[in-house]
Participant: 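Starting off with a structure, shown below.
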Amino acid sequence: MVEDGGEDVSVDTLSTEEWLSRAQELVPTALDKAKAIKRFPGRWKMIISKLEQVPSRLADLSSHPFFSKNALCKEQLQAVTKTLAETIELAEVCVQEKYGGKLQMQSDLDALSAKLDLNLRDCGLLIKTGVLGEATLSSSTAANSSTEPDTTWNLRELLARLQIGHLEAKHRALDKLVEFMKEDEKTVLAVLGRSNISALVQLLTATSPRIREKTVTVICSLAESGSCENLLVSEGVLPPLIRLAESGSAIGKEKATISLQRLSMSADTARSIVGHGGVRPLIEICRTGESVSQAAAAGTLKNLSAVPEVRQNLADEGTIRNMINLLDCGLLLGSKEYAAECLQNLTATNDTLRKSVISEGGVRSLLAYLDGPLPQESAVGALRNLVALLSMEEMVSLSFLPCLVHVLKAGSLGAKQAAASAICRICSSVEMKRFVGEAGCIPLLVKLLEAKTYSAREVAAQAISSLVTLAQNCREVKRDEKSVPNLVQLLDPSPQNTAKKYAICCLSYLSSSKKCKRLMISYGGIGYLKKLSEMEVPGAKKLLERLERGKLRSLFSRK
């Protein structure tokens, strides 16, 4: 892409046909003068070869149905005419040898060759990409259109200008496009096509920082719209976005990183970001970036960590240490939340990565992050992934159980469910079960049996079924007035209720108490258990027999 600001060709009263005639008249003159020059033969030979292509491009333009009605076509002919006039002028200077210096003339000839390249390319684009048919027609044609508003035609011309002309013209087009996006993003998205996306992606690599910033602002809006991620990626947006995240201006980094965050929600794109070397720049932004950029970079790394096969790559680049640092010192709560989610993903299946998080001090940082008014699920989930590798002494020294109690009291439903799941994982010994019971988890787990989701009720019942095997814990469950009613409700035979096997286990331990058995019967336990027995759910028949014996004794004692 030629990045020459150039001077605008003055708009006058000449028609498109008259500009075509001017250009056609200048071509033979420019060729004759160029062929007569003896100095700088290599450069002039290249210029001549390009001049010889001009007539065919002009013929292609003039044969298009919208040739005379299209503003872009007229502007392109003006640009071609200007370049041909410059060619004639430079040729005369070379013939007369009146140039200031050899190096300056070589530079001028190279610039002329680049302008001819741009003219030829833009003429071709006007034909090949269908821009002539899409761009603004004359005002009367647009006004008479009953199928598309005038604003849409103006937008089509604006998008076409991203592909046609010198860089300064593209810069002005970008300014207007940013305004369009703010006013009516929906219309812009409806008009965008692959060629427009491709033109925007190419502008991400422009030498002008202003152009790059404007372009990445538009790209960011497109990515966040959620309607053209696949087009952006297929047109090669990832490498330039990663380069901007690495070495762009503050605005460029921010918008590039936000774009990567959105695009990385696709697993395939996440793999591509890692493959293009995107991890290191993201980690650097997490370490040194401004608050918004830092949060977006952390969000992107969180998205990448959701793809199992790239987790080791992330760890090798230092992601674990940086996520722990964010938990400790992140500028925004969002950055810390993303860091916790990233650690949760990284520790989901890999013991090596779990050990790395523990050795880097991740457990302490996760616990400190959870010591807030609304503990989040991701941090509890990360801890749940790590507990199997922690000794009881480590958990006690880190105040692990008081943290779980805090989560069960104040956390979101997802956080409470993750805490209950962590309890299930640590209750592998009698001593650990005693510690959990003494920490005050049991009443909170009983309350969690009333949760709105089946999954939360199931994991709460599972945790209680593990804890009640210890006598002192079983006594505490019996003392809780809500335990039996809540557990009986979990005998519901519907397929969605996945907690019934754990409820049967809990109630079997509680059935040693006459009071609990009477409560089970009064809350309809026998009816539920009959259905579960017929379904051959393990333990249902045995518990049913106990309750029915208790019911018979109660009847005889009344007589």
Participant: Got a sec: does the CE of Met265 have more than 12 other heavy atoms crowding it under 6.0 Å?
Facilitator: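 No - once you tally the heavy atoms of other residues, nucleotides and ligands closer than 6.0 Å, there are 12 at most.
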Participant: Working note: Asn350 + Gln312, criterion side-chain contact (heavy atoms from CB on, under 4.5 Å); need CA distance, chi angles, decisive distance, verdict.
Facilitator: CA-CA 9 Å; Asn350 190 312; Gln312 189 60 55; 4.1 Å; yes
Participant: To the nearest 0.5 Å, what is the distance between CE (Met323) and OG (Ser335)?
Facilitator: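 If I round to the nearest 0.5 Å, the distance is 9.0 Å.
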Participant: How about Glu229 and Thr269: does a side-chain donor come under 3.5 Å of a side-chain acceptor?
Facilitator: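 Absent: no donor and acceptor within the cut-off.
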Participant: If you count the non-hydrogen atoms of other residues, nucleotides and ligands that lie under 6.0 Å from CG in Leu389, is the total more than 12?
Facilitator: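 For Leu389, atom CG is crowded (more than 12 foreign heavy atoms under 6.0 Å).
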Participant: With a 4.5 Å heavy-atom cut-off, do Tyr338 and Cys286 have their side chains touching?
Facilitator: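 With C-beta onward as the side chain, the pair stays apart.
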Participant: CD1 of Ile504 to CG of Leu490: how many Å apart, nearest 0.5 Å?
Facilitator: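 Between atom CD1 of Ile504 and atom CG of Leu490 there are 10.5 Å.
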Participant: Looking at CZ of Arg457 and CD of Gln417, how far apart are the two atoms once the value is rounded to the nearest 0.5 Å?
Facilitator: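 It comes to 11.0 Å.
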Participant: Can you confirm whether more than 12 heavy atoms, excluding those of Ile251, are under 6.0 Å from its CD1 atom?
Facilitator: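 Atom CD1 in Ile251 is not crowded, with 12 or fewer foreign heavy atoms closer than 6.0 Å.
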Participant: What closest approach, in Å, do Gly278 and Pro281 show between heavy atoms, and which atom pair accounts for it?
Facilitator: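 So the minimum-distance heavy-atom pair works out to O-CD, 3.3 Å.
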Participant: Please check if the side chain of His406 supplies one atom and the backbone of Gly372 the other of a donor-acceptor pair under 3.5 Å.
Facilitator: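 Looks like yes, one N/O pair under 3.5 Å.
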Participant: What I'd like to find out is whether the side chain of Arg194 reaches to under 4.5 Å of the side chain of Ser234, using heavy atoms alone.
Facilitator: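 Side-chain contact under 4.5 Å: yes.
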Participant: Under the side-chain contact (heavy atoms from CB on, under 4.5 Å) rule, what do Leu467 and Leu445 come out as? Steps first, then yes or no, please.
Facilitator: CA-CA 10 Å; Leu467 290 168; Leu445 290 170; 3.7 Å; yes
Participant: Output, in order, the C-alpha distance, side-chain angles, deciding distance and verdict of side-chain contact (heavy atoms from CB on, under 4.5 Å) for Leu282 and Leu304.
Facilitator: CA-CA 11 Å; Leu282 292 167; Leu304 301 184; 4.1 Å; yes
Participant: Does CD belonging to Glu309 count more than 12 external heavy atoms closer than 6.0 Å?
Facilitator: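 Enclosed: over 12 neighbouring heavy atoms sit under 6.0 Å from CD of Glu309.
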Participant: Could you walk me through whether Asn345 and Glu341 pass side-chain hydrogen bond (donor to acceptor under 3.5 Å, both in side chains), step by step?
Facilitator: CA-CA 6 Å; Asn345 290 337; Glu341 288 185 67; 6.0 Å; no
Participant: Using every non-hydrogen atom in the two residues, find where Cys505 and Ser465 come nearest and quote the distance to one decimal.
Facilitator: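 So the two residues come closest at SG-CB, 3.9 Å.
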Participant: Would a distance-only check, ignoring hydrogens and angles, find a side-chain to backbone donor-acceptor pair under 3.5 Å from Ser399 to Pro402?
Facilitator: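 Not a single qualifying donor-acceptor pair exists.
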Participant: Got a second to check how far Leu301's CG is from Asn322's CG, nearest 0.5 Å?
Facilitator: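 Spacing of CG (Leu301) from CG (Asn322) equals 8.5 Å.
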Participant: Please name the pair of heavy atoms, one in Val380 and one in Ala419, separated by the smallest distance, quoted to 0.1 Å.
Facilitator: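 Reported closest heavy-atom pair: CG1-N, 3.4 Å.
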Participant: Take a 6.0 Å sphere around CZ of Arg434 and say whether it holds more than 12 heavy atoms from other residues, nucleotides or ligands.
Facilitator: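 Yes.
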Participant: Are Arg161 and Glu75 side-chain neighbours, meaning at least one heavy-atom pair lies under 4.5 Å?
Facilitator: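 SC-SC contact between Arg161 and Glu75 confirmed.
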Participant: For the side chain of Ser359 and the backbone of Ser356, is there at least one donor-acceptor N/O pair under 3.5 Å apart?
Facilitator: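 Answer holds: yes.
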Participant: Return each pair, listed once, that meets salt bridge (Lys or Arg N to Asp or Glu O under 4.0 Å) where at least one residue sits in residues 274-295; pairs must be two or more places apart or across chains.
Facilitator: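 Listed by first then second residue: Arg280-Glu317, Glu284-Arg287.
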Participant: Using distance alone, with no hydrogens and no angle criterion, decide if Ser483 and Asp480 have a side-chain donor and acceptor under 3.5 Å apart.
Facilitator: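 Short answer, no.
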Participant: To the nearest 0.5 Å, what is the distance between CG (Leu487) and OH (Tyr509)?
Facilitator: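 Here the interatomic distance stands at 14.0 Å.
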Participant: Could you pull out the closest heavy-atom pair between Asn313 and Val274, with the gap in Å?
Facilitator: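 The pair with the smallest heavy-atom distance is CB-CG1, 4.1 Å.
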Participant: Starting from the C-alpha separation in whole Å, work towards a yes-or-no answer on side-chain hydrogen bond (donor to acceptor under 3.5 Å, both in side chains) for Arg243 and Thr205.
Facilitator: CA-CA 9 Å; Arg243 284 196 292 274; Thr205 59; 5.7 Å; no
Participant: Taking all non-hydrogen atoms of both residues into account, name the closest pair between Ser293 and Thr257 and its distance.
Facilitator: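 Shortest heavy-atom contact: O-CG2, 3.8 Å.
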Participant: Do the side chain of Asn497 and the main chain of Asp492 share a donor and acceptor less than 3.5 angstrom apart?
Facilitator: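 Side chain of Asn497 to backbone of Asp492: a pair is present.
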Participant: Take Ser221 and Glu185, measure what side-chain hydrogen bond (donor to acceptor under 3.5 Å, both in side chains) needs, and give me the verdict at the end.
Facilitator: CA-CA 9 Å; Ser221 295; Glu185 183 181 283; 4.8 Å; no
Participant: Rounded at 0.5 Å granularity, tell me how far CE in Met392 sits from CE in Met432.
Facilitator: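 Met392 atom CE to Met432 atom CE measures 6.5 Å (nearest 0.5 Å).
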Participant: Consider only side-chain N and O atoms of Ser249 and Arg212, and report whether a donor and an acceptor are under 3.5 Å apart.
Facilitator: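 Note: Ser249 and Arg212 side chains miss the donor-acceptor criterion.
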Participant: Hey, are the side chains of Ser466 and Gln462 touching, using non-hydrogen atoms and a 4.5 Å cut-off?
Facilitator: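 Not in contact.
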Participant: Passes side-chain contact (heavy atoms from CB on, under 4.5 Å), Thr300 versus Ile285? Steps please.
Facilitator: CA-CA 11 Å; Thr300 308; Ile285 292 172; over 6 Å; no
Participant: Is the backbone N or O of Pro443 less than 3.5 Å from a side-chain atom of Lys482, with the two atoms forming a donor-acceptor pair by type?
Facilitator: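 Checking the backbone N and O of Pro443 against the side chain of Lys482, no donor-acceptor pair under 3.5 Å is found.
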Participant: Please step through side-chain hydrogen bond (donor to acceptor under 3.5 Å, both in side chains) for the pair Glu458 and Thr498, ending with a clear verdict.
Facilitator: CA-CA 6 Å; Glu458 178 185 10; Thr498 52; 2.8 Å; yes
Participant: Hey, does Phe180 have a side-chain heavy atom less than 4.5 Å from the side chain of Thr187?
Facilitator: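 Thr187 vs Phe180: side chains apart.
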Participant: Can you check whether Gln344's main-chain N or O pairs, donor with acceptor, with Asn385's side chain at less than 3.5 Å?
Facilitator: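 Pair found, side chain donor or acceptor close to backbone of Gln344.
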Participant: Considering only heavy atoms from C-beta outward, does the side chain of Leu222 approach that of Ile197 to under 4.5 Å?
Facilitator: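 Sidechains of Ile197 and Leu222: in contact.
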Participant: Do Asn303 and Leu263 have side-chain heavy atoms sitting under 4.5 Å apart?
Facilitator: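 In short, these two side chains do not touch, never coming nearer than 4.5 Å.
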Participant: So do Leu367 and Phe400 actually touch side chain to side chain, heavy atoms under 4.5 Å?
Facilitator: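 The answer is yes; the side chains approach within 4.5 Å.
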Participant: Restricting to non-hydrogen atoms, name the atom on Ala256 and the atom on Leu241 that form the minimum distance, rounded to 0.1 Å.
Facilitator: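 So the two residues come closest at CB-O, 3.5 Å.
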Participant: Look at the side chain of Arg311 and the backbone N and O of Leu346, then say whether any donor-acceptor pair between them is shorter than 3.5 Å.
Facilitator: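 No; judged by distance alone, with no hydrogens or angles, the pair does not exist.
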Participant: Check the pair Asp175 / Arg172 against salt bridge (charged side-chain N to carboxylate O under 4.0 Å, His left out), numbers first and verdict last.
Facilitator: CA-CA 5 Å; Asp175 280 336; Arg172 291 195 296 272; over 6 Å; no
